[in-house]
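Below is one structure, written out as structure tokens; the observations come after it.
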Amino acid sequence: MSRSLLILGATGSIGTTALNAVREGKLNVSLTGLVGGHDASSLSRLGQEFGCPCTLNSSSEVLKAFLEANRADIALNAIAGAAGLEASLLCLQAGMDLALANKESIVMGGDFLFSEAERLGRRIIPVDSEHSAIYHLIQGHSEVDSLVITASGGPFLHREDLASVTADEAAAHPTWKMGRKISIDSSTLANKGLEVIEAGFLFNMPAERIEVTIHRQSVVHSMIRMRDGSVYAQLSPPDMTLPIVAAVADGRQALVDVVRPLSFKGLTLTFEDWDRERFPLLQLAYEVLGKKAGYPIAYNAADEVAVQAFVDGQIGYLDIARVVGSTLDADWSAVADSYEAIMEVDGAARRLASSLL
Ligand code: NAD
Ligand code: MG
């Protein structure tokens, strides 16, 4: 019998890739429900095509009732942004495992999210390509020394006049086609910052054992360093279908012909260090992971406020890092160990970041 799957953020970039995998028979699942954020007409078209119920996430009550009524074996959370945390918790509480693309859930929820999953006897499987790579590499290895996360470096690795960057330029990613927020975060390396924090919580690694290397080709999705000095890497074409299918299948379905085999003809792989001055948002993320408590929540909230203000033309490109840095200068050392406490820190950080615009 095939696994059942519910998708949140079904109309977005990850949601669309997941539904294409179902259409193409790469993911053998029965869909129990689809949740979207705004685009009601696309969502109902998808509901008709796949013959399953769908809803807009109009309130916590609506979402909770929908998840309980349409419970699946596993939920793919592909919502963009902080709203993903509540959805992740509601999915776990409704009795579903989580294939988690929404990295904000992990950055904000941190230890609390994982203790909730454990309390409820549910699994969390990462979908982010780097974390998916590490998650699968790490199986069966106990002597892992550290993690090496690859970063494409975004569109501005060597650009001179960063101050004049426009939102459309920042959203044009060189190797991945993704939603607008994550694309802009990729250009500032805030996305890599969120991923360093995500890796810290997911794999229980301190900041000093997580390395970032710039790898322009996006073919090596991440690596693990072993204590014996060797390194294992996961390579595949830059296509989110594989991490999505692997997380949803979660070892219960053979994965065959999911992405085209990698060709080594003419393939060059390069690795380079990243520039701390050029990418302050990644540097800040390391400090945030070192401090934990409310800092990751404040980092994520301030970045969401700043990126939105940049898209709206309220601030310049370089101001994104300034707003996040100044927000983090406040004291976020109180530990938030409930959903309400997390959302309070999130709200306070948003208010502070908005006042700094
Ligand atoms: P996107 O903007 O393309 O899609 C977001 C989806 O979430 C849309 O369907 C939207 O309607 C829905 N949504 C927004 N707010 C919602 C809410 N409150 N309730 C329910 N649905 C809501 O974003 P994306 O690029 O698909 O990214 C989704 C998540 O996956 C993000 O957390 C991102 O960081 C992560 N991610 C994406 C990629 C990628 O390749 N796109 C890779 C790794 C991780
Ligand atoms: Mg990623």
Side-chain angles (χ1 to χ4, degrees), residues 3 5 7-29 31 46 50 74 76-80 98-103 125-139 148-155 171-187 191-192 194-195 198-199 202 212-224 232-271:
R3 299 202 90 194
L5 170 68
I7 302 180
L8 304 104
T11 56
S13 161
I14 292 283
T16 301
T17 304
L19 289 171
N20 277 335
V22 176
R23 284 188 187 100
E24 292 166 4
K26 292 175 175 175
L27 197 48
N28 179 20
V29 291
L31 286 170
L46 291 171
F50 290 97
I74 189 161
L76 169 63
N77 183 356
I79 292 176
L98 256 187
L100 198 45
N102 179 260
K103 63 191 83 189
I125 306 110
V127 170
D128 219 342
S129 55
E130 298 78 2
H131 306 73
S132 170
I134 293 169
Y135 183 83
H136 292 98
L137 285 168
I138 234 166
Q139 316 276 333
V148 185
I149 297 181
T150 51
S152 72
H173 196 275
T175 47
W176 295 98
K177 176 129 193 38
M178 312 181 287
R180 198 167 172 89
K181 164 71 168 48
I182 181 174
S183 298
I184 293 176
D185 280 348
S186 297
S187 79
N191 180 53
K192 214 44 59 179
L194 292 168
E195 292 184 353
E198 180 184 10
L202 249 173
V212 169
T213 183
I214 304 282
H215 166 56
R216 295 301 269 166
Q217 299 80 22
S218 300
V219 166
V220 176
H221 296 298
S222 275
M223 301 178 262
I224 55 173
Y232 291 100
Q234 187 264 333
L235 286 72
S236 54
D239 181 341
M240 286 304 293
T241 309
L242 187 59
I244 293 169
V245 169
V248 171
D250 191 20
R252 290 168 176 81
Q253 178 191 321
L255 306 185
V256 181
D257 295 337
V258 179
V259 287
R260 71 190 148 76
L262 193 64
S263 167
F264 288 97
K265 283 204 189 97
L267 180 64
T268 305
L269 302 178
T270 58
F271 300 93

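Every heavy atom of this structure was used, including side-chain atoms; hydrogens, water molecules and symmetry mates were not.
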By side chain to side chain contact (heavy atoms under 4.5 Å, CB included), which residues pair with [X], not counting sequence neighbours?
X      : value
Ala99  : Ile74, Leu76, Val127, Ala247, Val248
Ala80  : none
His173 : Ser152, Thr175, Trp176, Met178, Ser186
Thr213 : Val148, Thr150, Met223, Phe271

Tell me, which pairs form a side chain to side chain donor-acceptor pair (under 3.5 Å) where one or both residues lie in residues 234-249, sequence neighbours left out? His221-Ser236, Gln234-Ser236, Asp239-Thr241
Got a sec, which residues hit side chain to side chain donor-acceptor pair (under 3.5 Å) with [X], two or more places apart in sequence or on another chain?
X      : result
Gln253 : none
Ser187 : Tyr317
Arg180 : Asp168
Asn102 : Glu104, Ser105

Indicate every side-chain donor-acceptor pair of residues 261-268 with a distance under 3.5 Å to a residue at least two apart or in another chain.
residue : atom : partner : partner atom : Å
Ser263  : OG   : Lys265  : N            : 3.2

Tell me, please, which residues at least two apart from Glu198 pass salt bridge (charged side-chain N to carboxylate O under 4.0 Å, His left out). none
Salt bridge (charged side-chain N to carboxylate O under 4.0 Å, His left out) against Asp250, all qualifying residues, sequence neighbours excluded: Arg123, Arg252
